[in-house]
Amino acid sequence: MSKLVSDPEIAKKYDEVRDDKTETNWLALRYSPDVKPDQLIVSAAGTGGLPEFTSQLGDDEAVFGYLRVAIGNDEYSQRAKFVFVRWCGPNTKVMRKAKLGIQSGEVTSVIRNYAVEVQTDSKGDLDEKVVLEKVRRAMGANY
């Protein structure tokens, strides 16, 4: 495992988000300001879903996110699906932007299972309706 994702808390929170028996439905990974070379830490996790996750994203930072969303055609067919987010705020430094794409491969060695990936610098792309539509399309047939 690379130094970037070596914090055991990352795998622990990932498993927690995937577990339907927990209320935790999102996590955010940020770069530790105190460690060189780059290392990610779990900077936040919560139970408020996509709106709560999106509200804590800054315009000058890069964040990896993982979310559990419920989706289905009716109230009786709800299924858990997972979304991987690569947030790169519009004011993020150029070198951090450049590293984000390269380092996402290392992140997905721990954050392995997801239905869709959203790479964005706009909170509008993380609107709940927009993200759920992407997940719905990724599911295939929609009856």
Side-chain angles (χ1 to χ4, degrees), residues 1-73 75 77-142:
M1 182 178 301
S2 76
K3 170 103 171 128
L4 181 70
V5 291
S6 62
D7 183 355
E9 188 69 14
I10 295 172
K12 180 180 175 223
K13 283 294 182 189
Y14 166 76
D15 288 339
E16 198 173 304
V17 171
R18 289 197 54 81
D19 187 350
D20 291 337
K21 295 180 180 96
T22 70
E23 291 187 22
T24 303
N25 58 18
W26 66 269
L27 66 83
L29 305 177
R30 285 185 171 81
Y31 292 90
S32 174
D34 305 325
V35 179
K36 297 288 181 202
D38 290 339
Q39 183 175 10
L40 291 170
I41 57 170
V42 176
S43 61
T47 60
L50 192 55
E52 183 179 44
F53 169 77
T54 304
S55 72
Q56 52 85 47
L57 297 174
D59 285 346
D60 62 347
E61 64 181 344
V63 177
F64 292 98
Y66 189 66
L67 301 104
R68 179 177 67 222
V69 296
I71 193 162
N73 295 326
E75 63 183 278
S77 65
Q78 296 291 307
R79 295 179 293 290
K81 294 293 181 181
F82 299 90
V83 179
F84 177 58
V85 176
R86 288 194 298 166
W87 168 258
C88 190
N91 301 325
T92 302
K93 293 180 180 177
V94 173
M95 285 306 294
R96 177 59 67 209
K97 286 181 182 181
K99 288 181 177 182
L100 189 68
I102 296 166
Q103 293 174 334
S104 67
E106 294 176 61
V107 175
T108 57
S109 71
V110 177
I111 309 276
R112 297 175 302 278
N113 299 305
Y114 49 90
V116 295
E117 178 177 344
V118 179
Q119 177 182 346
T120 187
D121 65 355
S122 168
K123 289 185 180 181
D125 293 338
L126 295 173
D127 177 78
E128 198 158 19
K129 288 181 182 179
V130 173
V131 172
L132 290 178
E133 182 59 29
K134 287 182 182 189
V135 172
R136 191 176 313 284
R137 287 183 183 175
M139 291 170 54
N142 189 14

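The shown structure was predicted, so the numbers you read here are calculated from the model rather than taken from an experiment.
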Quick one: ring-ring contact (aromatic ring centres under 6.0 Å, His included) partners of Phe53, sequence neighbours excluded?
Trp26
Under the side chain to side chain donor-acceptor pair (under 3.5 Å) test, residues paired with Gln103 that sit two or more places apart
Tyr31, Asp38
Applying side chain to side chain donor-acceptor pair (under 3.5 Å), can you list everything that pairs with Arg112, at least two apart in sequence or on another chain?
none
Within the supplied structure, the quantity of interest is the number of heavy atoms (other residues, nucleotides, ligands) at a distance under 6.0 Å from Arg79 CZ; does it exceed 12?
yes
For Asp20 and Ala80, the nearest pair of non-hydrogen atoms, with its separation, is OD1-CB, 3.8 Å
Show the nearest heavy-atom pair for residues Gly48 and Asn25, with the distance to one decimal.
N-OD1, 3.7 Å
Of all heavy-atom pairs linking Ala138 and Ala115, the shortest is CB-O, 3.9 Å
Supply the atom-to-atom distance Leu67 CG to Leu27 CG, rounded to the nearest 0.5 angstrom.
7.5 Å
What one should report as the nearest heavy-atom pair of Ser109 and Val5 is OG-CG2, 4.1 Å
side-chain contact (heavy atoms from CB on, under 4.5 Å) evaluation trace for Leu29 with Val42
CA-CA 5 Å; Leu29 305 177; Val42 176; 3.7 Å; yes
Per the ring-ring contact (aromatic ring centres under 6.0 Å, His included) rule, what does the pair list look like for residues 94-114, sequence neighbours excluded?
Phe84-Tyr114
Between the CG atom in Leu4 and the CZ atom in Phe64, the distance rounded to the nearest 0.5 Å is 7.0 Å
Take a 6.0 Å sphere around NZ of Lys97 and say whether it holds more than 12 heavy atoms from other residues, nucleotides or ligands.
yes
Looking at every heavy atom in both Ala28 and Gln56, which two are closest together, and how far apart are they?
CB-NE2, 3.9 Å
Give a yes or no answer on whether the side chain of Thr54 reaches the backbone of Pro51 with a donor-acceptor pair at less than 3.5 Å.
no
Apply side chain to side chain donor-acceptor pair (under 3.5 Å) to Asn113 and list each qualifying residue two or more places apart in sequence or on a separate chain.
Tyr14
Quick one: side chain to side chain donor-acceptor pair (under 3.5 Å) partners of Thr24, sequence neighbours excluded?
Glu16
Shortest non-hydrogen pair, Leu126 vs Val131, comes out as CA-CG2, 3.8 Å
With sequence neighbours left out, which residue pairs that include part of residues 122-131 fulfil the side chain to side chain donor-acceptor pair (under 3.5 Å) condition?
Thr120-Asp125
To the nearest 0.5 Å, atom OG of Ser6 lies from atom CD of Glu106 at 10.0 Å
As an exercise, state the distance from OG1 of Thr92 to CG of Asp121, rounded to the nearest 0.5 Å.
8.0 Å
So, using side-chain contact (heavy atoms from CB on, under 4.5 Å) as the criterion, who are the partners of Asp15 when residues are at least two apart?
none
Between CD of Glu117 and CZ of Phe82, what distance do you get to the nearest 0.5 Å?
16.0 Å
Report the distance from atom CD1 of Ile111 to atom NZ of Lys13, rounding to the nearest 0.5 Å.
12.5 Å
What pairs of residues pass the salt bridge (Lys or Arg N to Asp or Glu O under 4.0 Å) test when at least one of them lies in residues 49-69, not counting sequence neighbours?
Arg30-Glu61
